[in-house]
Asker: 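Attaching a single structure in structure tokens format; questions to follow.
Per chain, numbering begins at 1; letters A, B, ... match sequence-line order.
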Amino acid sequence: MIKEFRLPDLGEGLTESEIVSWKVAVGDTVSLNQVIAEVETAKAVVELPSPFAGVIAALHEQPGTVVEVGKPIVSFEVPDDAGASPAGAAPAEAETPKRQPNLVGYGAVVESSGRPARRQRNFGTPAVKSVGTQPAATPAVEPAETKAAETHSFERPRSTPPVRKLAKDLGVELAAVPGTGVHGLITREDVRNHVGGGDVPVAARHLSAVSDAAAPAGRTAAQGGREVRTPIKGVRKFTAAAMVASAFTAPHATEFLTVDVTPTMDLLAKLKTSRAFADHRLTPLTLVAKAVLVALRRNPSLNSRWDEANQEIVQFNYVNLGIAAATPRGLTVPNIKDAEAMSLLELSEALTALTETARAGKTAPAELADGTISITNIGVFGIDAGTPILNPGEAAILAVGAVRKMPWAFQDEVALRQVMTLSLSFDHRLVDGEQGSRFLADVGAILADPGMVLTMV
Amino acid sequence: MSTDETGQGGTAGTPAGSAGSHSGSGRNLIQLITPEGERISHPEFDPWVKDIGDEQLCSLFEDLTVVRRIDVEATALQRQGELGLWPPLLGQEAAQTGSARALRSDDFVFSSYRENGVAYCRGVGLTDILRVWRGNAASGWDPYTVNMATPQIIIGAQTLHATGYAMGIQNDGADSVAVTYFGDGATSEGDVNEAMVFAASFQVPVVFFCSNNHWAISEPVRLQSHVQLADRAAGFGIPSLRVDGNDVLAVMAATRVALDRARHGGGPTFIEAVTYRMGPHTTADDPTRYRDANELEDWAAKDPIERIKTLLDRKGLFTDQFQQHVRDKADEVARELRAGCIGMPEPEPLDVFKHVYSSPNSWLDRQQDHYARYLASFGDPAEATSQEGAR
């Protein structure tokens with residue numbers, strides 16, 4: 001026998017949750033309380049334990065889908081004598097409800113004895129019938145009218161403000177959408193289905209282009225339209241908000257410096273073969289990070305924060321070094337805490353750990369908070385330079401370009417050298433051109449000749 | 001940095017700032033079983049548990065295991081939509097079991113919502129424990145059948161009830177004790193402080209059992225108190241004990257000391273049981289947002305059940321037969337809990353009027369009459385009722 005498991009309210013008063021991943025597949029045999037899915041609510045990511053022992057008959061929702069509480073998400077094939085059904089499987093929801101809901105406090109106010117009058121909701125009939133004035137006629141007419149009522153609607157279709165907004169955005173006339181929610185409520189899904197997405201997951205759904213409006217929506221949806229619409233949410237939404245906030249509060253200035261980093265690359269090769277770094281992942285980025293840390297000591301204004309609320313400039317005597325990382329969920333900038341106190345070895349370990357954690361999507365919130373300056377490694381994409389946007393709240397960000405072999409003036413001759421461009425954006429409220437330039441020149445000087453560190457520390 | 005020297009690793013390296021020192025404090029924890037499962041002697045507290053032999057140790061292990069199983073099963077039931085909410089006690093089994101098992105049946109418990117392990121030890125029915133969390137009743141059981149009040153949701157309010165009850169015991173000239181359970185966060189509440197003032201003033205037989213699980217939802221205890229919580233009691237003139245809350249034997253010894261003092265007219269005692277909330281505050285909370293994973297790992301190494309398991313193993317008591325017995329018991333309890341939860345009858349709509357006044361009230365009667373007629377307007381009253389209940 002098939003038993004359905006409906007998405008429960010996993011927090012207190014939540015209306016929906018997102019299926020993050022399924023831990024089981026159709027056909028799997030599961031035991032009671034075995035974890036079957038990971039679900040993200042507005043409050044937490046939680047694991048769902050199986051309410052039955054049996055075989056997975058169907059998974060109704062794709063990972064990445066936001067599901068309303070109460071919707072079936074998985075069906076189980078269970079032995080017939082298995083335990084009682086869960087309360088989550090609300091009984092009789094599919095049937096047409098007999099009662100007409102009434103807001104608490106608005107009903108049953110009549111003092112007279114007998115059957116109390118009740119606010120009549122008209123789902124179909126024009127409001128010509130007056131309950132108060134023609135009580136005798138009412139009982140006779142009512143049954144027929146209520147039946148007819150179900151076919152078409154005269155009241156505004158029942159829905160919620162966000163769904164009405166969605167319908168408006170998609171150009172959908174709500175009156176034409178059949179509601180499948182409680183008491184015929186039109187849900188977000190109903191609107192989407194009406195547009196023609198069917199069961200395709202939201203994130204992958206292709207909607208027809210506006211210019212293509214004449215074509216049947218179903219065709220373009222099936223073949224992949226001229227536009228792909230992806231809901232703005234999660235990391236993308238957060239990143240966008242942060243970028244906009246940063247770009248329009250901090251006046252950005254960007255400077256570029258192209259450096260012959262051949263000596264740094266030689267040093268890197270030497271270190272890689274040394275015993276101390278035998279098991280470590282050493283990259284140009286490690287040395288750039290170290291150079292930044294050294295240069296910051298001489299140019300502390302780049303390691304500061306504009307505290308608008310208190311009208312103060314906060315200069316940090318520590319460096320929480322942010323590293324922009326492309327992760328499966330989008331851009332994040334985890335930072336290495338107290339990086340200024342680290343040896344090169346510790347720094348390389350911290351960098352490795354940070355990128356691995358970020359790639360696995362397991363970066364903890366604490367690692368993302370309280371950064372003081374950031375590095376973004378655009379060189380890994382083969383890019384030379386750019387104008388990076390500051391990580392909000394920080395005074396500077398350095399973009400590290402690709403290392404290229406280029407003809408370069410070397411000892412008064414043209415030689416093939418390894419060259420890299422550094423792009424530094426800084427908050428011009430906190431950092432003047434002089435300080436920014438000195439900092440960038442320092443970083444460049446170290447990379448051009450690592451021995452220069454001796455003059456700086 | 002942290003309020004205990006048992007190693008709240010996550011904060012050890014934080015730069016000097018907030019809770020740097022517990023000046024003049026730093027009492028050692030009372031401990032009888034180490035996290036490594038070694039029974040260590042303590043001249044002051046050994047005598048209080050000298051009656052706990054092998055059989056009793058096994059029985060304590062069984063209770064700890066069953067309490068954990070109840071908690072895990074209830075957490076799963078919440079995730080399956082069978083409970084509205086559940087406050088997990090994972091990691092606090094020893095603090096609850098060790099103290100509850102030290103009580104006499106005529107002692108009276110006033111607990112917070114997390115003491116479901118205490119409720120089990122007091123003999124509260126498994127289904128009754130879940131009743132409120134399923135939203136089926138305003139309260140789960142009759143307090144007088146087990147001498148334990150139903151859980152208090154208001155943080156710390158139960159300490160006042162306990163002190164008041166203890167004043168009653170004093171007036172009766174009885175030798176029972178009121179025991180109140182609360183968390184570290186509750187010590188910042190006015191109620192707890194008022195309760196302690198009154199308890200000290202009247203020297204009433206009450207035990208303040210504070211389960212310091214280190215987190216008041218997302219607020220770490222080091223932010224709430226710059227001294228050890230046990231040291232706060234001194235300001236009220238209440239003697240205190242600071243015990244390893246993950247050591248069931250030490251908790252039992254400390255509770256017995258406090259109970260003995262109360263029974264013999266010595267007045268209140270404050271016990272700080274240093275433990276850790278391994279799970280979320282409730283099933284609606286996500287501790288990974290505010291808590292360091294390393295801290296969790298440090299405390300996992302101090303698990304209350306693991307250490308007594310190792311101890312039993314060393315004594316040659318952790319036999320296959322015993323393990324099977326405990327497993328069977330836990331399975332049986334889990335089965336009963338689940339069946340009781342799912343099979344709980346839904347309340348009737350008119351039940352809401354039942355527990356307002358003990359005697360008839362005309363205003364309420366009128367409201368009930370209106371509501372009954374409103375329900376009747378849906379046709380067959382029985383059907384309307386069942387629909388309402390099924391909701």
Asker: What is the minimum heavy-atom distance between A:Pro8 and B:Gly81, and which atoms define it?
Answerer: CB-CA, 3.2 Å
Asker: Show the nearest heavy-atom pair for residues B:Arg79 and A:Glu47, with the distance to one decimal.
Answerer: CD-O, 3.5 Å
Asker: Tell me which of these, B:Thr283, B:Leu85, B:Val72, has more heavy-atom pairs under 4.5 Å with chain A than the rest.
Answerer: B:Leu85
Asker: Looking at A:Asn310, I want to see if its CG is surrounded by more than 12 non-hydrogen atoms of other residues, nucleotides or ligands under 6.0 Å.
Answerer: yes
Asker: Here's a test for you: under side chain to side chain contact (heavy atoms under 4.5 Å, CB included), which of A:Asn33, A:Leu10, A:Leu48 qualifies with B:Gln80?
Answerer: A:Asn33
Asker: Where does B:Asp285 contact chain A at under 4.5 Å (heavy atoms): side chain, backbone, both or neither?
Answerer: backbone
Asker: Start with the C-alpha distance between B:Arg338 and A:Leu32, add both sets of side-chain angles, then the distance that settles side chain to side chain contact (heavy atoms under 4.5 Å, CB included), and finish with yes or no.
Answerer: CA-CA 11 Å; B:Arg338 174 171 286 269; A:Leu32 182 68; 3.5 Å; yes
Asker: Run the side chain to side chain contact (heavy atoms under 4.5 Å, CB included) check on B:Gln78 and A:Val46 step by step: do they pass?
Answerer: CA-CA 11 Å; B:Gln78 195 281 334; A:Val46 298; over 6 Å; no
Asker: Look up atom CG in B:Asp292 and atom CD in A:Glu367, then write down how far apart they are to the nearest 0.5 Å.
Answerer: 9.0 Å
